[in-house]
Amino acid sequence: MKLYNSYSQKTEEFVPLEENKVKMYVCGPTVYDSAHLGHARCYITWDVLYRYLKFKGYEVTYCRNVTDVDDKILSKSQKEGKTPDEVARFYYQAFSKSMESLNNLKPDIEPFATKTLGEMIAINKQLIEKGHAYAVDGDVYFRVKSFDKYGQLSKQPLEALESGARVEESDLKENPMDFALWKHDEKFGYKSPWGVGRPGWHIECSAMSRKYLGNTIDIHAGGADLIFPHHENEIAQSECANGQQFVKYWMHNGFVTINKEKMSKSLGNFLTIDKILENYDANAIRFFILTNHYRMPVEFSDEALTAATAGVKRLYTAINEARKTAKIDENLNLNTCEEYQEFVEAMDEDLNTSKTLAVLFDLANKTNKEQNSRNLTLIYKISEVLGFNFDKVKICEEELKEKIDVIAKKLSADFKNMNEILSFRKTARDEKNWDLADKIRIVFDEAGITLKDTKDGTTWEIK
RNA sequence: GGAGGCAUGGCCAAGUGGUAAGGCAGGAGCCUGCAAAGCUCUUAUCCCCAGUUCAAAUCUGGGUGCCUCCUCCA
């Protein structure tokens with residue numbers, strides 16, 4: 001399997017540190033606001049990687065942190081008159097719910113920054129001892145000049161960074177490029193050898209990664225906007241503290257754009273996941289994300305989501321229809337199937353999900369032509385590895401009852417259930433009363449249910 | 001100013017040397033009482049210019065346009 005490594009800027013053969021085991025760390029959210037489509041893209045992408053690695057038989061440990069100590073959480077808490085902890089907890093729950101709605105698997109470990117303070121302090125101490133960091137007036141800064149590999153991930157020449165110097169000016173720093181590992185904060189801080197304070201943003205990932213996965217890990221992933229300074233700084237901290245390589249494969253996903261611009265909080269041009277889920281289903285969002293290669297930008301539009309919805313529906317229909325006559329065969333040897341091989345080949349090429357969708361459509365076509373167990377199993381299993389959820393969406397009883405009531409009312413009749421209406425319509429059709437049959441179908445349509453007349457009778461489905 | 005990336009049919013998008021996957025939308029046909037779904041068929045020479053090569057969307061050079069990072073950001 002080949003993966004693109006941002007560090008080397010090359011697509012490399014993936015060889016885990018320990019045979020058959022993968023340690024992956026993904027930069028998680030700062031929980032101060034609702035997650036938006038950009039987050040959806042990021043976490044869907046890495047969810048697919050996680051699923052695929054597991055599917056390939058690796059024993060994967062997926063760690064995704066939660067940043068629950070941060071300036072934005074503090075300002076939000078002050079604005080809302082809540083404690084920072086309340087704010088963090090609220091948005092963490094909202095985030096988890098969004099992830100679940102998107103059908104993202106839960107990471108194996110989801111550590112909180114505030115629960116890893118001891119480890120952060122330990123790293124700071126090590127860095128100070130080794131001369132890579134210094135404490136001033138309750139702050140601790142990383143001495144960038146002490147790490148000669150600094151800038152290698154982001155390919156930023158040091159001089160360029162220095163002259164760019166949009167970094168915060170501070171009299172306390174030896175060099176404007178130095179970044180905070182610990183910040184003095186009497187009000188919201190935690191105890192430390194340097195006084196009461198809060199951790200810098202970057203140190204938490206170094207700490208959590210080391211604590212839960214070890215000094216060197218296989219994969220570290222996140223949005224491309226984290227390359228600098230976040231990941232660059234993580235490398236500096238971790239490698240200086242541990243004296244060994246921090247990450248073997250750095251992976252970064254591209255942005256979601258809207259009107260060709262990056263969707264982001266600061267630009268205010270974002271759509272929250274929950275908002276989008278009001279109009280489109282989770283499979284459609286995933287499909288939309290997976291049509292593009294994960295490193296490319298993906299432009300949001302209603303047209304794109306609508307197209308994705310149509311594509312998903314085609315796959316769903318094929319599976320759903322096939323399930324009526326065929327069964328999923330857990331014992332099918334996937335390796336002997338050429339479609340499966342195509343799928344693996346595509347995924348092995350740095351997660352070419354776009355190609356895997358073509359495999360799915362090919363299978364949908366085959367399944368529609370021949371609804372056998374083999375075709376059904378293949379399309380279902382591959383969909384599952386990509387994280388689609390094509391299990392029959394069960395409409396709840398009450399909802400269906402409501403719809404039936406609406407339909408009955410419109411038809412001025414007293415139908416109790418679906419069968420009564422359908423047999424009523426069947427009678428109309430048998431009598432070739434097409435006007436009535438069509439009218440009933442229109443009423444169903446208005447209620448959000450599609451009626452399909454097939455050779456074997458009429459079927460219905462929620463739109 | 002420095003660093004990185006992108007440009008493929010109406011829209012989205014694969015494809016890194018041998019003559020363009022797939023989806024959506026559109027068109028034609030089959031099926032159907034009509035629809036829906038499905039099936040079949042159907043629309044490109046790859047931003048521009050120059051070069052390398054028997055052969056380039058794919059390599060090189062030069063343009064043009066767009067995006068991202070260098071500040072919090074997935």
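Since the model is a prediction, treat every value here as computed from it, not as a measurement. Below, chain A is the first sequence line, B the second, and so on; all start at residue 1. Excluded from the calculations below are hydrogen atoms, water molecules and symmetry mates; all remaining heavy atoms, backbone and side chain alike, are included.
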Members of residues 223-230 of chain A that approach RNA chain B, where some heavy atom sits under 4.0 Å away: A/Gly223, A/Asp225, A/Leu226, A/Phe228
Interface with RNA chain B, restricted to residues 257-270 of chain A and to heavy atoms under 4.0 Å: A/Lys260, A/Glu261, A/Lys262, A/Met263, A/Ser264, A/Ser266
A/Asn253 side chain to A/Thr45 side chain, donor-acceptor N/O pair below 3.5 angstrom: no
Qualifying salt bridge (charged side-chain N to carboxylate O under 4.0 Å, His left out) pairs, either residue in residues 375-384 of chain A, two or more places apart: A/Glu330-A/Lys381
B/rU52 to B/rG22 separation - P atoms, rounded to the nearest Å: 35 Å
Residues which pass salt bridge (charged side-chain N to carboxylate O under 4.0 Å, His left out) with A/Glu12, listed by chain and number, not counting sequence neighbours: none
Qualifying ring-ring contact (aromatic ring centres under 6.0 Å, His included) pairs, either residue in residues 351-375 of chain A, two or more places apart: A/Phe287-A/Phe361
Length of the line joining A/Gln156:CD and B/rG2:P, which is rounded to integer Å: 12 Å
Polar side chain donor-acceptor pair, A/His36 to A/Thr272, under 3.5 angstrom: no
C1'-based separation of B/rC34 from B/rC30 [nearest Å]: 16 Å
Sugar-phosphate only, base, or nothing, as touched by A/Lys369 at under 4.0 Å among non-hydrogen atoms: sugar-phosphate
No-H, no-angle donor-acceptor pair, A/Asp438 side chain to B/rG33 base, under 3.5 Å: yes
A/Asn233 side chain to A/Tyr150 side chain, donor-acceptor N/O pair below 3.5 angstrom: yes
Quiz item: cation-pi between A/Arg41 and A/Phe255, 6.0 Å / 45°: no
Separation of atom CZ in A/Phe287 from atom C1' in B/rG23, rounded to whole Å: 5 Å
Residues within residues 82-97 of chain A bordering RNA chain B, heavy-atom distance below 4.0 Å: none
Check: A/Thr67/A/Asn65 side-chain N/O donor and acceptor closer than 3.5 Å: yes
